[in-house]
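Below is one structure; the comments refer to it alone.
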Amino acid sequence: MFETQPENEFQEKAKDFWFFSYLCIGMNMKDILYLKWEQVKPNHLEFVREKTKNTTDEVIVICVPLTDFSKGVIEKYSNNQRAKNDYIFPVLNHSMNEEEKFKAKQNFTRLVNQHMKTR
């Protein structure tokens, strides 16, 4: 298999989050960015999809096994704040309003998509 190495930190971050998404059963970027520390268990993540969170009466909790690579991404890019309710990745924070969170999510997704295209 032919593999190219990232040329810069943006490509490396894009690659890491793309593979994180893939290994987490295709978790979308919004769900990744909304992950909180309370959802991280020793060997898996538990989360409710943001897209369907408020659309049904029944809450469906998704359980995703954590691989060594996934744990490495969490360790490498995680937020220094590690209270249960804090976001894992420092893209969103609780002081943001919904519009600011939406823009931050769009920018992060764009970063991943653009830098994966250049690989």
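A quick note: this is a predicted structure, and the numbers were derived from the prediction, not measured. Worth knowing before you read on, the calculation uses all heavy atoms, side chains too, and leaves out hydrogens, waters and symmetry mates.
To the nearest 0.5 Å, the span separating CD1 on I88 from CG on L35 amounts to 4.5 Å. Atom-to-atom distance recorded for D16:CG and S70:OG is 10.5 Å, nearest 0.5 angstrom. Taken from OG1 in T109 to CG in L33, the straight-line distance is 6.5 Å, to the nearest 0.5 Å. Note that the CZ atom of R49 and the NZ atom of K30 stand 9.5 Å from one another [nearest 0.5 Å]. To the nearest 0.5 Å, atoms CD1 (I62) and CG (D31) are separated by 7.0 Å.
Minimum interatomic distance between L45 and C24 (heavy atoms only, all atoms of both residues): CD1-SG, 4.2 Å. For the residue pair L66 and K41, the shortest heavy atom distance occurs at CD1-O, 3.9 Å. Across M96 and E100, no two heavy atoms sit closer than the pair CA-OE1, 3.2 Å.
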side-chain hydrogen bond (donor to acceptor under 3.5 Å, both in side chains) assessment of N113 paired with R110:
CA-CA 5 Å; N113 290 339; R110 186 178 304 116; over 6 Å; no

Residues N28, S21; criterion side-chain contact (heavy atoms from CB on, under 4.5 Å); working and verdict:
CA-CA 6 Å; N28 68 41; S21 170; over 6 Å; no

Worked check of ring pair (Phe, Tyr, Trp, His ring centres under 6.0 Å) between F108 and F89:
CA-CA 11 Å; F108 186 81; F89 302 111; 7.8 Å; no

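With hydrogens and angles disregarded, no donor-acceptor distance shorter than 3.5 Å links the side chain of E75 to the backbone of K71. Checking side-chain atoms of Q114 against main-chain N and O of L111 turns up no donor-acceptor pair under 3.5 Å.
The existence of a salt bridge linking K105 and E98 is excluded, since no basic side-chain nitrogen approaches an acidic carboxylate oxygen closer than 4.0 Å. Salt bridge K103/E99: present, at least one basic N to carboxylate O contact under 4.0 Å.
Residue pairs meeting the ring-ring contact (aromatic ring centres under 6.0 Å, His included) criterion with at least one partner in residues 36-56, sequence neighbours excluded, do not occur; the list is empty.
Remark: K101 engages Y87 in a side-chain hydrogen bond (donor to acceptor under 3.5 Å, both in side chains) (not counting sequence neighbours). Scored by the ring pair (Phe, Tyr, Trp, His ring centres under 6.0 Å) test, F10 finds H115 as partners (sequence neighbours excluded).
Linking Ile, Leu, Val, Met, Phe, Trp and Tyr residues whenever their side-chain heavy atoms come within less than 4.5 Å places I74 and L23 in a single cluster. Cluster annotation: F102 is not connected to L92 through the hydrophobic network of ILVMFWY side chains, with a link wherever side-chain heavy atoms come within less than 4.5 Å.
Residues V112 and M29 form a side-chain contact, since some pair of their non-hydrogen atoms from C-beta on lies under 4.5 Å apart. Within the 4.5 Å cutoff, no side-chain heavy atoms of P65 are placed close to those of N43. Looking at D86 and E38, their side chains never come closer than 4.5 Å, going by heavy atoms from C-beta outward.
Counting non-hydrogen atoms of neighbouring residues, nucleotides and ligands closer than 6.0 angstrom, the CG atom of N85 exceeds 12 such neighbours. Atom OH of Y22 is surrounded by 12 or fewer heavy atoms from other residues, nucleotides or ligands within 6.0 Å.
Aromatic rings from Y77 and F17 are positioned such that their centres are separated by under 6.0 Å.
Of the candidates Q81, K76, R82, S78 forms a side chain to side chain donor-acceptor pair (under 3.5 Å) with just one, namely R82.
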